[in-house]
Q: 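Mind looking over this structure? Questions follow.
Heads up: numbering here begins at 1 and tracks the sequence. All of these numbers come straight from a predicted model, not from anything done at the bench. Indexing begins at 1, ligand by ligand and atom by atom, following the structure's order.
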Amino acid sequence: MKPATNIARARELAQRLAEVRGRMALACARCGRAADSVRLVAVSKFHPASDILALAAAGQREFGESYVQEALAKQDALVGQDILWHFVGGLQTKKARAVAGRFVLVHSLDSEKLARELARRAADAGVLQPVLLEVNIGQEEQKSGVDETELTEFAELVLSLHEDGLGLDLQGLMCLPPDFDAPEAARPFFAHLRELRDGLESSLGVRLPQLSMGMTGDFEAAIEEGATIIRVGTSIFGPRPPKA
Ligand SMILES: *Cc1c(COP(=O)(O)O)cnc(C)c1O
């Protein structure tokens with residue numbers, strides 16, 4: 001059964017989506033980037049499958065989830081829809097098996113143990129799993145992500161974790177900068193993630209095209225600093241209900 005959609009809610013979501021898309025286009029225009037050079041991932045955590053369905057009907061195709069069980073339940077509820085799922089939250093090693101092959105991109109690879117397990121599970125599932133490395137860009141104690149001093153070594157490891165076209169496919173970097181009220185405070189962190197990416201590309205001789213950075217409070221600054229994927233929840237869905 002398809003999740004029921006409330007018409008007023010569907011209209012509200014379509015309108016918010018159009019606003020975000022408009023702001024993305026303006027940000028791209030300001031810095032001379034093509035409007036289609038940035039992908040919008042609508043972060044739907046805690047919001048019902050009916051909201052995702054309404055946004056899909058309004059043309060949104062990529063959705064991000066942060067919790068494995070919640071994400072898989074929504075995938076099941078929306079099976080057959082033209083939706084690309086991203087995993088953007090922290091991932092426990094023991095959940096790697098549930099995730100491998102079920103998301104077009106895992107944004108949050110941040111440890112050797114997780115990388116090895118996800119590679120193994122992807123190979124078991126017969127897939128090459130696209131991943132990003134999460135960098136602890138503000139060097140904050142409580143945040144996940146690898147320290148930039150360990151980034152080159154970690155990237156080398158991840159690049160080695162595939163065989164016969166199965167395992168991990170490293171596509172770039174992701175970050176969550178420290179929380180600030182002003183997007184201008186986040187901007188230097190976005191610029192720095194881009195520098196780290198550029199550095200890896202030249203030192204390792206690989207292409208890492210994706211930079212996943214920018215959320216509701218700061219996505220325009222992220223676009224101006226080179227984001228290729230922004231992850232936006234609140235601006236599209238409104239405030240998140242408490243976790244069920
Ligand atoms: C929840 C979440 C987002 C979306 O945050 P908003 O501020 O609501 O846009 C983006 N990225 C990650 C990793 C998240 O967990």
Side-chain angles (χ1 to χ4, degrees), residues 9 12-13 15-24 27 38-49 51-52 54-55 60-75 83-92 95 99 102-111 114 118 130-138 140 142-146 171-187 189-190 193 210-244:
R9 174 65 172 160
E12 179 194 347
L13 288 166
Q15 198 165 8
R16 287 169 168 277
L17 174 65
E19 278 166 21
V20 169
R21 292 241 173 239
R23 287 169 58 189
M24 289 173 69
V38 185
R39 286 151 70 187
L40 172 62
V41 172
V43 179
S44 45
K45 61 173 183 253
F46 305 174
H47 295 288
D51 279 2
I52 297 174
L55 286 163
Q60 177 61 26
R61 190 155 181 243
E62 301 192 79
F63 291 88
E65 289 283 338
S66 298
Y67 299 91
V68 174
Q69 260 184 310
E70 180 186 352
L72 299 185
K74 287 178 188 169
Q75 288 183 351
I83 289 174
L84 300 175
W85 296 97
H86 292 248
F87 193 83
V88 303
L91 182 57
Q92 292 170 279
K95 302 248 170 96
V99 162
R102 298 196 58 158
F103 294 84
V104 292
L105 189 59
V106 173
H107 292 229
S108 48
L109 210 59
D110 67 352
S111 77
L114 174 62
L118 190 60
V131 295
L132 304 179
L133 307 187
E134 180 173 352
V135 181
N136 185 353
I137 201 76
E140 297 171 278
Q142 75 283 12
K143 277 260 175 80
S144 50
V146 294
Q171 299 200 340
L173 304 180
M174 178 272 223
C175 75
L176 274 148
D179 288 323
F180 288 110
D181 293 331
E184 289 314 311
R187 185 186 294 275
F189 293 99
F190 296 143
L193 192 74
Q210 305 298 343
L211 286 172
S212 169
M213 54 189 197
M215 306 172 26
T216 285
D218 53 22
F219 70 82
E220 284 135 318
I223 289 172
E224 289 165 7
E225 299 304 328
T228 62
I229 301 175
I230 60 172
R231 310 177 310 267
V232 178
T234 309
S235 287
I236 297 173
F237 292 90
R240 274 183 284 280
K243 188 165 195 254

Q: With distance as the sole test, does Gln60 use its side chain to make a donor-acceptor pair with the main-chain N or O of Leu17 at under 3.5 Å?
A: no
Q: Mark yes or no for whether Ser108, through its side chain, and Gly90, through its backbone, hold a donor-acceptor pair below 3.5 Å.
A: no
Q: Which of these passes side chain to side chain donor-acceptor pair (under 3.5 Å) with His107: His86, Arg231, Gln210, Gln171?
A: His86
Q: Identify, chain by chain and in numerical order, each protein residue with a heavy atom under 4.0 Å from an atom of ligand 1.
A: Val43, Lys45, Ser66, Val88, Met215, Thr216, Arg231, Val232, Gly233, Thr234, Arg240
Q: Tell me, please, which residues at least two apart from Arg240 pass salt bridge (charged side-chain N to carboxylate O under 4.0 Å, His left out).
A: none
Q: Going by an N to O cut-off under 4.0 Å, is there a salt bridge joining Lys45 and Glu70?
A: no
Q: I'd like to know if the side chain of Lys74 and the backbone of Ser44 have a donor-acceptor N/O pair within less than 3.5 Å.
A: yes
